[in-house]
There are 2 protein chains.
Amino acid sequence: MSSPSPKLALFKQFALVAKTLGHPQRLELIEQLGQGPRSVDLLAEKLGAPIANVSQHLQTMRRAGLVAAERQGKFVVYRLADDSVLAAMKAIRRVAENNLAEVDKIVRGYFEERDSLEPVTREELSGRLRDGMVTVLDVRPADEFALGHVPGALNVPLSELDARLATLDPEKDIVAYCRGAYCVMSFEAVSRLRAQGFSARRLEDGMPEWVAAGNAVASS
Amino acid sequence: MSSPSPKLALFKQFALVAKTLGHPQRLELIEQLGQGPRSVDLLAEKLGAPIANVSQHLQTMRRAGLVAAERQGKFVVYRLADDSVLAAMKAIRRVAENNLAEVDKIVRGYFEERDSLEPVTREELSGRLRDGMVTVLDVRPADEFALGHVPGALNVPLSELDARLATLDPEKDIVAYCRGAYCVMSFEAVSRLRAQGFSARRLEDGMPEWVAAGNAVASS
DNA sequence: CAATCATTCAATTGAAATATTGAATATACC
DNA sequence: GGTATATTCAATATTTCAATTGAATGATTG
């Protein structure tokens, strides 16, 4: 009757999920979708990859239960299937952080001083937001900012940072964030701000986790 | 200078971890190692796979930071790198449970009545253990039982269940457990016990989670 | 120091995943 | 209805992964 052990059948399904997560570009797609639903088009542009390629990755991910798709007019909008997907990506990241020397090397290699990596917790930020003694920088591109951001945050894309340094209050602490835990832009922003004498730190994780933790989101 | 974006480099590492988890046999190895360190030999026997094959999987897993190896005499003993590995496997399982219809189908198809799947929580079990009004069955093979089990548990491998039915107190509730959440043996045991009129339920998860939650372990 | 046992290595084969390209489909807009 | 746009499909070439087999290595035992 070709009935293999149910355990094997289940493990094959779990393996399908894991295998599908096992591709850098697909992880990048998850990072993007962690911020909200996006069209194939936009995702391809963000990744700098051919549309057909991205489309196929998205379909692979749909078959593995990672994302869902919905047609909206002439666009097909993809979104993460549910919160468990981000949780799984986070769990995998932790394994890599804990056990792969290579990860440590990359992180240390890119950012000279280790302490600039110590992030501000979400709790700390919501507290200090109320005091008003902190400047929050959203260093993502303007289009992503427009689709949702931390209330009160200034949108200063990395490319404009230098030009807008003068408008920042040097008396206030700065907290920068972008897409997720390893979105490089916030590291880069903090590094540059510190070089200019500002007291700057990163927010732990990024936008999707801020939302997931039940914090307010503004959009414009 | 061939210095790709650090984000890409990191994502490649994360993808390596996920990809390595993406193989049913390797997930099975993790399930086994979740119970404690094991030799290549023993693992191969448990999986019913060729030793060379298992050895290669283990080496792949070591390169991905999932397991660590240590030589003990003429054996090489592998163990999980740390708790994050089990956490990652659990997170992946959750994605599959939430979003893959196939998983639901398998679980439902194998066990006719859905309620037999409602597990006893670890907290509930530790409470009832103190009252002494519950019989705990460890349905794993004797060798795995010997390496660590819930205190007070009876070792009744599935193959011996029928023969030992008469020795079980029909007045007590029975809680069965085995290796992990989808170790089929505890489902099967509960199903058979219920057919015989016993009040039987499964323990949520299995041995590794019991240990991870800080509960006592007995060995013999 | 030879014999034995556990593990790993190396080479081969077959299977699967990926990127790429151009064509096909579906929807909206005029 | 025709055209533009967004997405998917199909076919192919390339690369990577997995299982198998037998030989090689490393450690223990007598």
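To find a chain, count down the sequence lines: A is the first, B the second, and so on, and within it residues start at 1. These numbers were taken from a predicted model, which means no experiment stands behind them.
Under 3.5 Å, the side chains of S55(A) and Q59(A) contain a donor-acceptor pair of N or O atoms.
Taking the charged nitrogens against the carboxylate oxygens, E209(A) and K90(A) have no contact shorter than 4.0 Å, which rules out a salt bridge. Under 4.0 Å is where a charged nitrogen must lie from a carboxylate oxygen, and between R38(B) and D143(B) no such pair does. Using a cut-off of 4.0 Å between Lys/Arg side-chain N and Asp/Glu carboxylate O, K74(A) and D41(A) are scored as not salt-bridged.
Taking side-chain N and O atoms only, Y78(B) has a distance below 4.0 Å to OP1 or OP2 of dT8(C). Taking 4.0 angstrom as the limit, H57(B) places none of its side-chain polar atoms (N or O) nearer than this to OP1 or OP2 of dT8(C).
When all heavy atoms are compared, the tightest approach of V85(A) to G65(A) is CG2-O, 4.5 Å. Among all heavy-atom pairs drawn from G34(A) and P208(A), the shortest one is O-CB, 3.0 Å. Nearest heavy atoms, V139(A) versus A189(A): CG1-CB, 3.8 Å. For M61(B) against L29(B), the heavy-atom pair with the smallest separation is SD-CD1, 4.0 Å. When all heavy atoms of N215(A) and R122(A) are compared, the pair lying nearest together is ND2-CD, 4.1 Å.
Heavy atoms of Q59(A) sit under 4.0 angstrom from primed sugar atoms or phosphate atoms, though from no base atom. Within the 4.0 angstrom heavy-atom criterion, only backbone atoms of the sugar-phosphate kind lie near S39(A); the bases stay farther away. When heavy atoms are screened at a 4.0 angstrom cut-off, A52(B) is found touching base atoms of the nucleic acid.
DNA chain C lies under 4.0 Å from at least one heavy atom of each of the following residues of residues 25-34 of chain A: Q25(A), R26(A).
The NZ-P distance, from K74(B) to dT7(C), rounds to 10 Å in whole Å. In this structure, R38(B) atom CZ and dA6(C) atom P are separated by 17 Å, rounded to whole Å.
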*Test log, rule salt bridge (Lys or Arg N to Asp or Glu O under 4.0 Å), inputs D82(A) and R94(B)*: CA-CA 10 Å; D82(A) 68 3; R94(B) 169 146 305 135; over 6 Å; no

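Residue whose closest nucleotide on DNA chain D sits further toward the 5' end, between R62(A) and T60(B): R62(A).
Direction change of the helix axis from one end of the helix from dC1(C)-dG30(D) to dC30(C)-dG1(D) to the other is 30°, with five pairs defining each end axis (rounded to 10°).
Residue H57(A) is tested with R26(A), E28(A), R62(A) for a side-chain hydrogen bond (donor to acceptor under 3.5 Å, both in side chains); the sole match is R26(A).
A 4.0 Å heavy-atom criterion places the boundary nucleotides of DNA chain D facing chain B at dC17(D) to dT28(D), written 5' to 3'.
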